[in-house]
Number of protein chains: 2
Amino acid sequence: MFNKQELIDFCNNARENFLSHISIDCVVFGFHEGQLKVLVLKMKNEGSWYLPGGFVLKNEPIDEAANRILKDRTGLDEIFLQQFHVFGDPERSRPHNEMYKDYLPPAENWFANRFLTIGYYALVDFVHVNPTPDSHSELCAWYDLADMPNMELDHATILKTALDTLRLQLNYQPIGYNLMPKEFTMPELQKLYETILNQKLDRRNFQRRMLAFGILNRSEQPRKGGAHKAPFLYSFDLDNYQNALKEGLKGGW
Amino acid sequence: MFNKQELIDFCNNARENFLSHISIDCVVFGFHEGQLKVLVLKMKNEGSWYLPGGFVLKNEPIDEAANRILKDRTGLDEIFLQQFHVFGDPERSRPHNEMYKDYLPPAENWFANRFLTIGYYALVDFVHVNPTPDSHSELCAWYDLADMPNMELDHATILKTALDTLRLQLNYQPIGYNLMPKEFTMPELQKLYETILNQKLDRRNFQRRMLAFGILNRSEQPRKGGAHKAPFLYSFDLDNYQNALKEGLKGGW
DNA sequence: GCACTTGGTGTATTAATAACACAATAGTAT
DNA sequence: ATACTATTGTGTTATTAATACACCAAGTGC
């Protein structure tokens with residue numbers, strides 16, 4: 001990925017500015033055309049795939065670090081972000097530790113260190129994201145959850161853990177505001193839940209339950225133009241939504 | 001807490017053996033005489049209070065580190081331990097960063113670094129714990145959750161977050177095996193739940209629900225000798241318990 | 001025996017979840 | 001225009017889970 005000079009510059013910069021031994025990796029979920037998508041990066045030359053990640057500045061809160069990293073990859077600010085697990089096996093970064101060993105001795109090679117990584121997951125509105133590769137990578141792109149490329153290191157595990165966390169959170173948190181466009185139909189929202197949970201839900205029961213949460217506003221106008229019956233448009237009631245985030249919902253799927 | 005020579009020795013040892021910038025803090029919950037207890041340490045001289053904590057060896061998985069730290073404080077091995085949050089505000093360890101600044105310049109002073117701390121909570125059987133202070137502390141002792149001393153740094157926040165996590169987990173995990181003695185009565189188990197949730201539960205409904213989980217075995221013999229009617233003794237069915245840990249329970253409190 | 005405390009069990013009520021059927025609408029094909 | 005079809009909206013019933021509540025049993029102290 002790096003040539004020697006790039007590596008030396010990167011390592012000098014990293015040693016000076018970042019906390020050692022700590023990285024952040026992000027699982028960015030988007031939702032588009034009925035599919036749950038995940039943002040991945042393709043390493044230059046190597047061609048291997050990674051989750052977007054980075055390091056923590058020496059005087060930066062970790063949540064801000066995650067935000068900064070994702071702003072670089074998506075163009076978005078104020079992303080819905082949640083820390084979910086620390087991956088701390090000393091073997092986890094072993095494949096990386098060997099990298100560049102011909103270029104730089106371990107003491108100077110940032111990548112020769114052991115790294116704990118803090119896993120964050122993010123929920124974003126697909127259409128607002130402008131996928132942008134970082135300096136190591138040649139490509140930043142969405143992949144269908146059902147069709148992910150093989151990822152390096154433990155990134156597949158990180159993704160799985162993020163998804164498990166998201167599924168659990170569905171039980172006591174409203175989810176959707178960050179993944180859906182401003183206005184959406186009930187069947188679209190249902191598709192999101194079905195995709196996350198990977199199971200079919202009953203249309204009528206879903207609607208009743210969702211409305212009972214009291215976090216949706218129904219628009220005056222249905223969506224015209226499509227084939228078939230015009231569905232109502234809904235948007236989230238932000239006040240009630242925020243409140244539900246704090247208070248939690250009851251019941252589970 | 002340390003005199004100068006102790007400090008120098010500690011720092012030399014720490015720099016050589018531990019990952020920098022990372023610490024682990026543990027909230028150890030025990031249950032005794034109807035009270036939820038938390039293990040705390042009292043710093044030498046200073047007299048301030050802390051949660052048990054420590055650092056991660058350079059080649060040690062973080063779960064093992066937490067286990068090692070707790071073995072030192074409790075004498076127990078194979079503790080039920082769960083990582084629950086990383087506290088990563090750069091201000092969080094500020095009060096410590098000033099410590100010993102007259103003894104050692106920042107570059108050599110381990111405590112002058114910024115530390116992220118990984119929060120773990122542990123559930124242990126109170127009577128098996130042998131509280132043991134570490135080298136910084138003069139005392140290691142149980143405190144009632146309702147009667148905790150003021151703790152340094154963000155340790156009160158860490159405790160609160162651990163408790164919130166524990167309460168949430170009650171919704172989809174069996175809890176008790178690690179906190180209760182081998183055999184216990186239903187009212188005793190109920191007291192545990194009531195203490196964690198900080199609310200009264202209905203005796204009869206609690207029993208029905210608990211039994212419905214299918215993780216309890218009722219002993220042939222009731223507990224004799226006490227005053228009043230002899231209660232049945234229960235123990236956890238470990239197979240079903242482990243399975244429930246994996247599969248999750250349904251419903252919430 | 002009698003009062004009192006603690007523990008065990010059952011039943012009626014209410015709320016939540018799951019299962020299911022039919023009517024309305026906007027396009028498409030003829 | 002008419003029938004057809006896919007899709008959305010809504011209501012009703014059955015099942016299951018949660019809650020509230022009342023009685024009986026066993027041991028202690030008097």
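Reminder, nothing fancy here: chain letters follow the sequence lines and each chain counts from 1. These numbers were taken from a predicted model, which means no experiment stands behind them.
- One can place CZ of Arg209(B) at 6 Å from P of dT19(D), the figure rounded to the nearest angstrom.
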Between the protein and nucleotides 27-30 of chain C, which nitrogen or oxygen pairs are less than 3.5 angstrom apart?
unit_1, atom_1, unit_2, atom_2, d
dG27(C), OP1, Gly226(A), O, 3.4

Could you give the side-chain donor-acceptor pairs of residues 137-145 of chain A under 3.5 Å, partners two or more places apart or in another chain?
unit_1, atom_1, unit_2, atom_2, d
Ser137(A), OG, Asp134(A), N, 2.9
Ser137(A), OG, Asp134(A), O, 3.3
Ser137(A), OG, Asp134(A), OD1, 2.6
Asp144(A), OD1, Lys37(A), NZ, 2.8

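- By the ring-ring contact (aromatic ring centres under 6.0 Å, His included) test, Tyr121(B) pairs with no residue at all, sequence neighbours left out.
- Listed by chain and residue number, nothing satisfies the ring-ring contact (aromatic ring centres under 6.0 Å, His included) test with Phe84(A) (two or more places apart in sequence, or in another chain).
- In this structure, the OH atom of Tyr234(B) is 12 Å from the P atom of dG7(C), given to the nearest Å.
- Rounded to whole Å, atom C1' of dG9(D) lies 16 Å from atom CG of Leu189(A).
- Arg204(A) pairs by the salt bridge (Lys or Arg N to Asp or Glu O under 4.0 Å) definition with Asp202(A), not counting sequence neighbours.
- In this structure, CZ of Phe206(B) is placed 19 Å from C1' of dC21(D), rounded to the nearest angstrom.
- Taking a 6.0 Å sphere around CG of Asn150(A), one finds it holds 12 or fewer heavy atoms contributed by other residues, nucleotides or ligands.
- Gln207(A) places its CD atom 12 Å from the C1' atom of dG11(D), with the value rounded to the nearest Å.
- For the pair Leu211(B) CG and dG7(C) C1', the computed distance is 14 Å after rounding to whole Å.
- Rounded to whole Å, the distance from CE on Met210(B) to C1' on dA18(D) is 16 Å.
- Ring-centre distance between Phe184(B) and Phe236(B): below the 6.0 Å cut-off.
- Partners of His228(A) according to the ring-ring contact (aromatic ring centres under 6.0 Å, His included) rule, which considers only residues two or more places apart in sequence or in another chain, do not exist here.
- For the side-chain contact (heavy atoms from CB on, under 4.5 Å) test, residues two or more places apart in sequence or in another chain that qualify with Pro61(B) are Pro90(A), Glu64(B).
- In this structure, the side-chain contact (heavy atoms from CB on, under 4.5 Å) partners of Ala65(B), at least two apart in sequence or on a different chain, are Ile24(B), Val56(B), Glu60(B), Arg68(B).
- Residue Tyr177(B) places its OH atom among 12 or fewer non-hydrogen atoms of other residues, nucleotides or ligands, all under 6.0 Å distant.
- Nearest to the side chain of Lys229(A), among dT6(C), dT8(D), dT19(D), sits dT8(D).
- Distances were taken from every side-chain heavy atom of Pro187(B) (C-beta onward) to each of dA18(D), dG8(C), dT8(D); the shortest belongs to dG8(C).
- When heavy atoms are screened at a 4.0 angstrom cut-off, Arg223(B) is found touching no nucleic acid atom at all.
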What's touching nucleotides 1-3 of chain D from the protein side, N or O pairs under 3.5 Å?
none

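- Spacing between atom CG of Leu201(B) and atom P of dC21(D) amounts to 16 Å, rounded to whole angstrom units.
- When the side-chain hydrogen bond (donor to acceptor under 3.5 Å, both in side chains) test is applied to Asp154(B), the partners found at least two apart in sequence or on another chain are Arg92(B).
- Contact between the side-chain N/O atoms of Arg203(B) and the OP1/OP2 oxygens of dT5(C) is not found at any separation under 4.0 Å.
- Every residue meeting the ring-ring contact (aromatic ring centres under 6.0 Å, His included) condition with His32(A), not counting sequence neighbours, appears here in chain and number order: Phe126(A).
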Report, as a single string ordered 5' to 3', how protein heavy atoms within less than 4.0 Å touch nucleotides 10-15 of chain C: B base, S sugar-phosphate only, - not at all.
BB----
